[in-house]
Amino acid sequence: MSLLEVDDLHVRFPTETGMVEAVRGVSFSLGRERLGVVGESGSGKTITGRAILGLVRKPGQVRARRMLFDGIDLARLDERGMRRLRGQRMAMIMQDPKYSLNPVMRIGRQLTEGLRLRERMSPAEARRRALDALEAVKIRDPERVYDAYPHELSGGMGQRVMIAMMLIPGPDLLIADEPTSALDVTVQAEVLKILDDLVRERGMGLIFISHDLKLVSRFCDRVLVMYRGKVVEEIAADRLDQARHPYTRGLLNCLPRIGGPRGHLPVLERDPAWEEA
Amino acid sequence: MTAMIEIDGLDVTFRVKGHEVQAVKGARFTVGEGESYGLVGESGSGKSTILRAICGLAPVTGGTIRIEGRPLGPRRDKAFASKVQMVFQDPYASLHPRHTLDRILSEPLAIHGIGEHDRRVVAALESVGLPASFRFRYPHQLSGGQRQRVAIARALMLEPEILLLDEPTSALDASVQAEVLNLLWDLREERGLTYLMVSHDLAVVDHMCDRMAVMEAGRIVETLERPDLLAGRFRHPYTRKLFEASLAAGG
Amino acid sequence: MSGPFLTPLGRLSAWLTDPNPSSRLQARLGQAWLTWLRFSRNPLAMIGLGIILALVLMALFAPLLAPHDPLEQDLTRRLLPPLTPGHWLGTDEFGRDILSRIVHGSRITLTIVALVAVTAPVFGLLVGTVSGYFGGWVDAVLMRLTDIFLAFPRLILALALVAALGPGIENAILAIALTAWPPYARVARAETLTVRSADYIAAIRLAGASHGRIILGHVTPMCLPSVIIRVTLDMAGVILTAAGLGFLGLGAQPPLPEWGLMISSGRKFLFDQWWVATMPGLAIFIVSLGFNLLGDGLRDVLDPRSTSR
């Protein structure tokens, strides 16, 4: 049985100028695998991730025929039930650790708070678990980071702490929304490697949301390409070069390459028909 | 080739809460007329600070900046404005949120007492591939790529010879990045502009620039010609690290 | 939504919401229209707006609306209770109709509000933007000056000023305006500090713009919403200060039907003829409430932090 099954997900936002349909009938299923969701800004990829976690705020409206997580229908779950799942069994890593960590609380306290509240763990035990988690994300000096404030950490370090924090409760599903976009290229690779190892070791399901098709294809098993709130192509990551949809092909071709031809880069001709499909 | 921009031993030091932070240390390079020169590095390497120092937006504490052979003083006057312009990284932050495109584009003309606003504004919109009907829109009615086009149009209103490009596409989607890079490419060919372009993306700099300087922690660690990069002819370990990371990301 | 079949109203709406306006005026009106649409969805704010509009209409048509001359005394009809035929809100100690006096008093209240609203915020905005934009010693001098004004309770300062200038409605307005600007300077300065380092300000500096042009054309528009909100919320305080000065005999002088003055003269009868002081008090309360509701509504639609995406 699959870990997550999303069937016909719609998300709409009312605005002054009418209804905006951010997600229009997205369906997919996820096992204990790594699924990439790729699209440009406005494609609805982030909203899809947030909708699964029940994080779409009013006045946004979420509707789905079915959204089964391990047999639980998320679409029919109330806020309390959702809160029990969130953080414990489903977790999310956001783009910028600057905004996801509490700036006035030491890292250690942020890491252990959940353990002490939810699992009624003793402070010493919680501390040990948190230090283990920091070590698991390859932080060389966990004791120092444990006692640090978020602003004392670099971007890459902050994102590792975020990963550690999300993985402490041992979730079954991890949604990572552009987890490395705010980081420098040389740091990106390290963070991705850590995330990859942990997901493999623990057999989690991962939804990796990104604008970067090539990055996703190296990192995931399967890729969903989204355009204007719809999935236009679903393809195994290692067969990306055989992608058929012109949008996917366009995304692959429009990036400059070192030593590539100069002058004009190929541009995407957006076909209105893609929005229907 | 005459030198358009000469940076010689440039130091930039910020005062932050009493102690000093040296953002640029002894930077030295020359950009020739009509050349496209790249500054590559990661966040905090000081690459954007060099551009801001040229514009008088960052405190120069040592060295000289010469534009067409003339050293710049502490003030940037109108003559400088009509010679050097800048395109900023974030098109969401670089356009005034309460001004229409018409106002944004005609303001430089008004400052410099140039007439024919109607004709020039419409021509500017068209030159960056935007329809004239956008003229009275507000920035929030445009997409990121369209905004960046407006920012480029604004920079060109005074017909400068030098364009400083501060990560002009890093806030944009890949497909939009391609469009904006193409636009910048065309504008340089048409107008013979000199570009000084800052980017964290080695592939973008490689695509746009003939020569480049690699920066790390405020210092220029290596300067390269474009063929050197592809052939792997670089010495500094940081350049290699950056090169390998970019190659991996580029697939 | 094509042209010829639309009603004039529909055509106006289409013109306002045209995504490609053909002039600056149309663009600006279109934005104002969208703001209005958002504002009009807030029922409390609409109630506030209704109260203020009613006040304005009442002031404009006071002679038509008031059943009696507000100054006409009739000692045979003094201290009549409310709901007396012909005097629905009763009469005061000189037999003057309270309703008529409140209606005419709205003119005084509105004059005070309007004069304060066009002077204090403009001055505050100027001080605040200049201070925030230049920083350094300009900022230090201007802000210390502001602090001095802020250090005194508003009413006390106004009292001192009126005492020095001599009692009277004009001096009361002057005193209120002189004591009202410091908060606007603070708000404008805080807003300027966030705007000052924005890229769009750097861009216009790069175009060679003068400081005056930057402050007036580029910084001020960003400070305006916060200041407008603050002014609207402050209007209740301005009315109360004016009433307080009137109450203490330092503002409007008898027999002018100023609301604070009316409360003051009614306090002698508070226990037996409660309406003499209560009716103008209610008027002050309702108008203050109106401004507060309006201000809250404006904050929701104008605050750059809530609208910028």
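These numbers were taken from a predicted model, which means no experiment stands behind them.
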Tested for side chain to side chain contact (heavy atoms under 4.5 Å, CB included) against Pro168(B), the lone hit among Met197(B), Met208(B), Met86(B) is Met197(B)
Side-chain heavy-atom pair Val150(B), Gln146(B) within 4.5 angstrom cut-off: no
Can you list, pair by pair, the side-chain donor-acceptor contacts under 3.5 Å of residues 200-207 of chain C, counting residues two or more places apart and other chains?
none

Carboxylate-amine/guanidinium contact [X] [Y], below 4.0 Å:
{"X": "Arg135(B)", "Y": "Asp118(B)", "result": "yes"}
{"X": "Arg191(B)", "Y": "Glu159(B)", "result": "no"}
{"X": "Asp300(C)", "Y": "Arg38(C)", "result": "no"}
{"X": "Glu107(B)", "Y": "Arg213(C)", "result": "yes"}

Does any heavy atom of chain C fall under 4.5 Å from the side chain of [X], the backbone, both, or neither of them?
{"X": "Ala151(B)", "value": "neither"}
{"X": "Arg52(B)", "value": "side chain"}
{"X": "Ser133(B)", "value": "both"}
{"X": "Leu57(B)", "value": "side chain"}

Mind jotting down which residue pairs meet the side-chain hydrogen bond (donor to acceptor under 3.5 Å, both in side chains) criterion with at least one end in residues 109-125 of chain C? Sequence neighbours excluded, please. none
Residue selection (most heavy-atom pairs with chain C, distance under 4.5 Å) from [options]:
{"options": "Lys78(B), Gln89(B), His96(B)", "result": "His96(B)"}
{"options": "Pro97(B), Pro108(B), Ala79(B), Gly56(B)", "result": "Pro97(B)"}
{"options": "Thr100(B), Ile104(B), Leu95(B), Asp166(B)", "result": "Leu95(B)"}

Name the option with the most non-hydrogen atom pairs under 4.5 Å to chain B; the candidates are Gly208(C), Ser197(C), Gly30(C), Ala198(C). Gly208(C)
For the interface with chain B, which of Ser210(C), Ser23(C), Ser22(C), Ala27(C) has the highest count of heavy-atom pairs at distances below 4.5 Å? Ser23(C)
Ordered numerically, the heavy-atom neighbours of chain B under 4.5 Å found in residues 173-188 of chain C are none
Might you confirm whether atom CZ of Arg144(C) has over 12 heavy atoms from other residues, nucleotides or ligands at distances under 6.0 Å? yes
For atom CZ of Arg70(B), decide whether the heavy atoms of other residues, nucleotides or ligands shown that lie under 6.0 angstrom number more than 12. no
Report the residues that fulfil side-chain hydrogen bond (donor to acceptor under 3.5 Å, both in side chains) with Thr194(B), sequence neighbours left out, ordered by chain and then residue number. none
Counting only non-hydrogen atoms closer than 4.5 Å, does Gln31(C) touch chain B with its backbone (N, CA, C, O), its side chain (CB onward), both, or neither? side chain
Select one option (side chain, backbone, both, neither) describing which atoms of Arg24(C) are under 4.5 Å from chain B's heavy atoms. both
